[in-house]
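These notes concern the structure reproduced below.
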Amino acid sequence: MQASNMQTKLKHTVMALTATTALCSVATPGVAEEVSVFDEIVVTATKRGGLGLQDVPFAVQAVSGDALSKRGAVDFDDFFRQIPGVAVFDQGPGDKRYIIRGVNSTGAGTVGLYMDEVIITGENAQDGGGRQPDIKLFDIDRVEVLKGPQGTTFGSSSLSGAIRYITKKPDLTEVQAAGSVSLRKTEGASLGWNMESAVSLPVVENKLAVRVAGYYLDEKGYIDNVLADNVNNEKTYAGRLTLLAEPTDKLTFSLMAMYQDMKTDGPGYFNRVDYTGAPISQNDYFQADLTRARFQDETQIYNATLEYSLDQGSLTATASLFKRDTLFDRDSSLALEAFIGLDADGAGRSIITQPKSRELQSYEVRYASDFEGPFQVLAGAFLQKERRDFRSAILGSDAQGNIAQPEIPFLDRISHTEIDELAFFGELSYAITDRLTATGGLRYYDFDLSEVSTSVTGFGGGAGSGQGPEMTSRDDGLIFKGNLAYDVSEDINVYLQVAEGFRSGGVNDQTAAAIANVTIPEGYGSDSVINYEVGFKSYLLDGKLKANLAAYWIDWSDIQLQDQASDGQLEFPYRGNGGGATIKGLEVELLAFPVERLELGLNMNISQAELNQDNPIATSGQKGDAIPYIPEFTLSASAMYSWPVGPDGMEAIVGADVNYVGGRNTELRPDSSLFIKLDDYALANARIGVETDRWSATLNLQNIFNDDTVTDVFRVISGVYPEGFIFNHPRTVMLSFSVKM
């Protein structure tokens, strides 16, 4: 997109937002209520029980389930732009990498992802399979976004922060029911829809209750290829069952089970040229793929949590199981033509299929004190066992683009990975005065990893080399956190924090490298960050303005990165450690109620994220290179107004928001053949509706101006395949109806 077009769209967006705000201001009564206008969200981010969002002494934001519903949000992509300092590396459903404060590199996730007490953080140990899961936002109480390293309480991979989906719990006293249905029309796609419902039943009043929730999404696609139209569709269904028991005033026990199944018929990118290099002329969004590139993602989540109240604190024990089975299929026809001479549209027509099964068991016991004196303690132990099975195979395709039966293997390898982690953590807080509190935290961790890979079929179809040696890796260490919080007044808090985060190392797949006739290092080490932060949280202007600011400086050491080995013709990627980076930034969060019923919001992030030294292999990154996919500036502005329109408390609501994301790079080195400067863009959304305590009807418009800026580039093999371009989701109109009892 040209700069002039971007300026025009941004101007139109701001004008639309300003017009909405002006309209709201004219219709607003001049007398404000003499009660708090802020609905304070209680969060559990500190693992010390519920705490008001403004009272948490570090940077954390929360979005309520009601706010998500009003936006028509179905997953993380629908609201992350409203959180300053948060970005997403998005390769499609089930293949996203969440980024907080510019900490982004290859390897396991740098952001911890949780559903209640369950760790669901994604990983990417093999060839592009299975990053963060796309958990749908149904029957959600709130989403908490914790910024800065959370290593002492949340462990590995919360290198730069954590995201927690907190589900709604059963009610022990009354029957509750809620449901909604939405019609969704995306530009270039046919009509889709989604629905969700939830019922909470007290089985034994005040003692035992159950909550059941369900979800279905039929999202139509708008990208075609030679085999089918609208291949980037998505169908997801999910269900969740929660049981809550309080047999005594001191004992609470809960069980949760969730299942989600997601399928797409193809990825969300388009090509500009086909496999011969000729321009594609069919339509604006067309893929060159000769086979079907399906994706399947099946997720199971289970948790049991026991909480026991003591005279001076509480004891929590939790056990969780996270199971995820994914299947990535991609076209590999051009690879066989390029490297073994088989015609891509003939004998070489093929699919690379990558099924992965991952099981994560985690157990935690912790004690949180509630002493009368100035000292408070949090102490716990954590155990985790992870098992992964992964297959990567190139198989011949039939004329319809499906895997031929019986299978015709051109390559087949499998690997089995086991990771065991043991950790102990604790925090000690001391109230130096009634207003000043100091907190220190430590976590000791011990990782053991082993991996065995087997080459079943060599590249081209010959016999593989068989099972390789067992590769092992061990990592242990101690990380820390220090925090000083001061209550300037009842409405103003400031804090200073120094916190460390880490991400464990691992091994490289030697059998895969042998297939490519290259030698790579056996493994790579852990990387870590130290985050220095000062923050300010406040209610100002007689409680009409919430103003939060955080300034941070991050030192990132031994960055895990992707290097390349080559046999002179074929490049093979492997994981190694680079040098260091410095990330500096400022986050601003403003929410105001200048007059009754009018809400104005502004969120902003300014950051500079770049290497502070050369990588060991200088061509992979040098001092001053900007970290990929990190914009220097993001901005989100919103306005919402409501007014009474009828009996029984009926209100009308109108709102709009604009979200601006600055330019980003796809690679560290500007002279890399893979380096692309992604343009900045602005997305505008609007909504209008009516609601009562019992029901609501809302019309949402997302991406009003149908901005189609490219946000990422998808590459199967660079220089062999044409580049695939991922762009903003086209304009979508949603009509939603909801009811609750």
Side-chain angles (χ1 to χ4, degrees), residues 61 63 68 71-114 120-124 128 130-137 143-147 157-165 219 232 234 262 264 267-269 295 297 583 585 587 603-605 607 609 626-636 657 659-667 676 678-683 685 702-703 707-714 724-730 732:
Q61 281 184 264
V63 184
L68 292 171
R71 294 188 59 85
V74 299
D75 57 26
F76 189 77
D77 190 60
D78 290 328
F79 74 91
F80 80 88
R81 295 178 185 87
Q82 281 75 50
I83 310 294
V86 175
V88 173
F89 171 84
D90 189 353
Q91 295 276 318
D95 197 7
K96 295 179 174 63
R97 177 180 295 274
Y98 302 151
I99 306 165
I100 295 179
R101 291 184 171 176
V103 180
N104 174 43
S105 76
T106 191
T110 59
V111 174
L113 191 63
Y114 289 77
I120 60 174
T121 308
E123 53 77 40
N124 192 28
R131 292 189 175 101
Q132 301 283 22
D134 277 323
I135 298 297
K136 299 305 179 184
L137 302 175
V143 178
E144 300 177 4
V145 180
L146 289 62
K147 301 175 188 175
S157 289
S158 57
L159 193 69
S160 61
I163 298 169
R164 306 177 69 223
Y165 299 139
E219 181 81 55
N232 66 318
E234 178 190 337
M262 174 194 295
T264 69
Y269 63 78
F295 169 69
D297 190 348
I583 304 171
E587 297 166 352
N603 294 309
M604 181 179 67
N605 179 259
S607 70
I627 295 177
Y629 295 98
I630 307 304
E632 292 186 356
F633 181 69
T634 61
L635 175 71
S636 173
D657 60 81
N659 306 280
Y660 173 79
V661 178
R664 294 89 61 222
N665 304 327
T666 61
E667 297 290 328
I676 292 178
L678 299 173
D679 290 336
D680 59 350
Y681 65 88
L683 299 181
N685 310 300
Q702 296 182 339
N703 192 3
D707 182 280
D708 62 353
T709 303
V710 170
T711 59
D712 201 2
V713 179
F714 182 87
F725 298 95
I726 299 171
F727 58 103
N728 283 317
H729 193 280
T732 299

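Heads up: numbering here begins at 1 and tracks the sequence.
- For Q702, the side-chain hydrogen bond (donor to acceptor under 3.5 Å, both in side chains) criterion is met by no residue, not counting sequence neighbours.
- The aromatic rings of F79 and F76 sit perpendicular to each other, their planes meeting at more than 60°, with 30° as the lower class boundary.
- With hydrogens and angles ignored, the 3.5 Å screen pairs no side-chain donor or acceptor of T110 with any backbone N or O of N104.
- The line from CG of L146 to CD1 of I163 is 9.5 Å long, rounded to the nearest 0.5 Å.
- When all heavy atoms are compared, the tightest approach of V103 to I99 is O-CG2, 3.7 Å.
- Counting all heavy atoms, side chain and backbone alike, M262 lies closest to F295 at SD-CE2, 3.9 Å.
- Within the 4.5 Å cutoff, side-chain heavy atoms of L683 are placed close to those of R81.
- At a threshold of 4.5 Å between non-hydrogen side-chain atoms, the residues V111 and S160 count as touching.
- Counting non-hydrogen atoms of other residues, nucleotides and ligands closer than 6.0 Å to CD of E667 gives a total above 12.
- Contact check for N659 versus S636: side-chain heavy atoms found under the 4.5 Å cut-off.
- The distance from atom CG of D679 to atom OG1 of T711, rounded to the nearest 0.5 Å, is 11.0 Å.
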Worked verdict on T709 versus F727 for side chain to side chain contact (heavy atoms under 4.5 Å, CB included) | CA-CA 5 Å; T709 303; F727 58 103; over 6 Å; no
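- Residues V145 and V86 are in side-chain contact: their nearest non-hydrogen atoms beyond the backbone lie under 4.5 Å apart.
- Side-chain atoms of R664 do not come within 3.5 Å of backbone N or O of E632 as any donor-acceptor pair.
- Pairing each heavy atom of P631 with each of G662, the nearest pair is CB-O, 3.5 Å.
- In this structure N605 satisfies the side-chain contact (heavy atoms from CB on, under 4.5 Å) test together with P84, Y552, E587, S607, T634, sequence neighbours excluded.
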Hey, mind stepping through V63 and I83 against side chain to side chain contact (heavy atoms under 4.5 Å, CB included) and telling me if it holds?
-> CA-CA 9 Å; V63 184; I83 310 294; 4.0 Å; yes
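- Using bins of under 30°, 30° to 60° and over 60° for the plane-to-plane angle, the ring pair Y660/F633 lands in the tilted bin.
- The shortest distance between side-chain heavy atoms of L113 and P133 falls below 4.5 Å.
- The ring pair (Phe, Tyr, Trp, His ring centres under 6.0 Å) test applied to Y165 returns no partner, not counting sequence neighbours.
- Across every non-hydrogen atom of A626 and N665, the tightest pair is CB-ND2, 3.7 Å.
- Separation of atoms CD (E234) and CG (D134) is listed at 7.0 Å; rounding is to 0.5 Å.
- Contact record, I583 with R101: CG2-O, 3.3 Å, taken as the closest heavy-atom pair.
- Looking at heavy atoms from C-beta onward, T121 lies in side-chain contact with Q132 at the 4.5 angstrom threshold.
- With contacts defined as side-chain heavy-atom distances shorter than 4.5 Å, the pair Y629/T666 qualifies.
- N685 and N703 get closest at one heavy-atom pair: OD1-N, 2.9 Å.
- Using a 4.5 Å heavy-atom threshold, the side chains of L678 and V710 count as touching.
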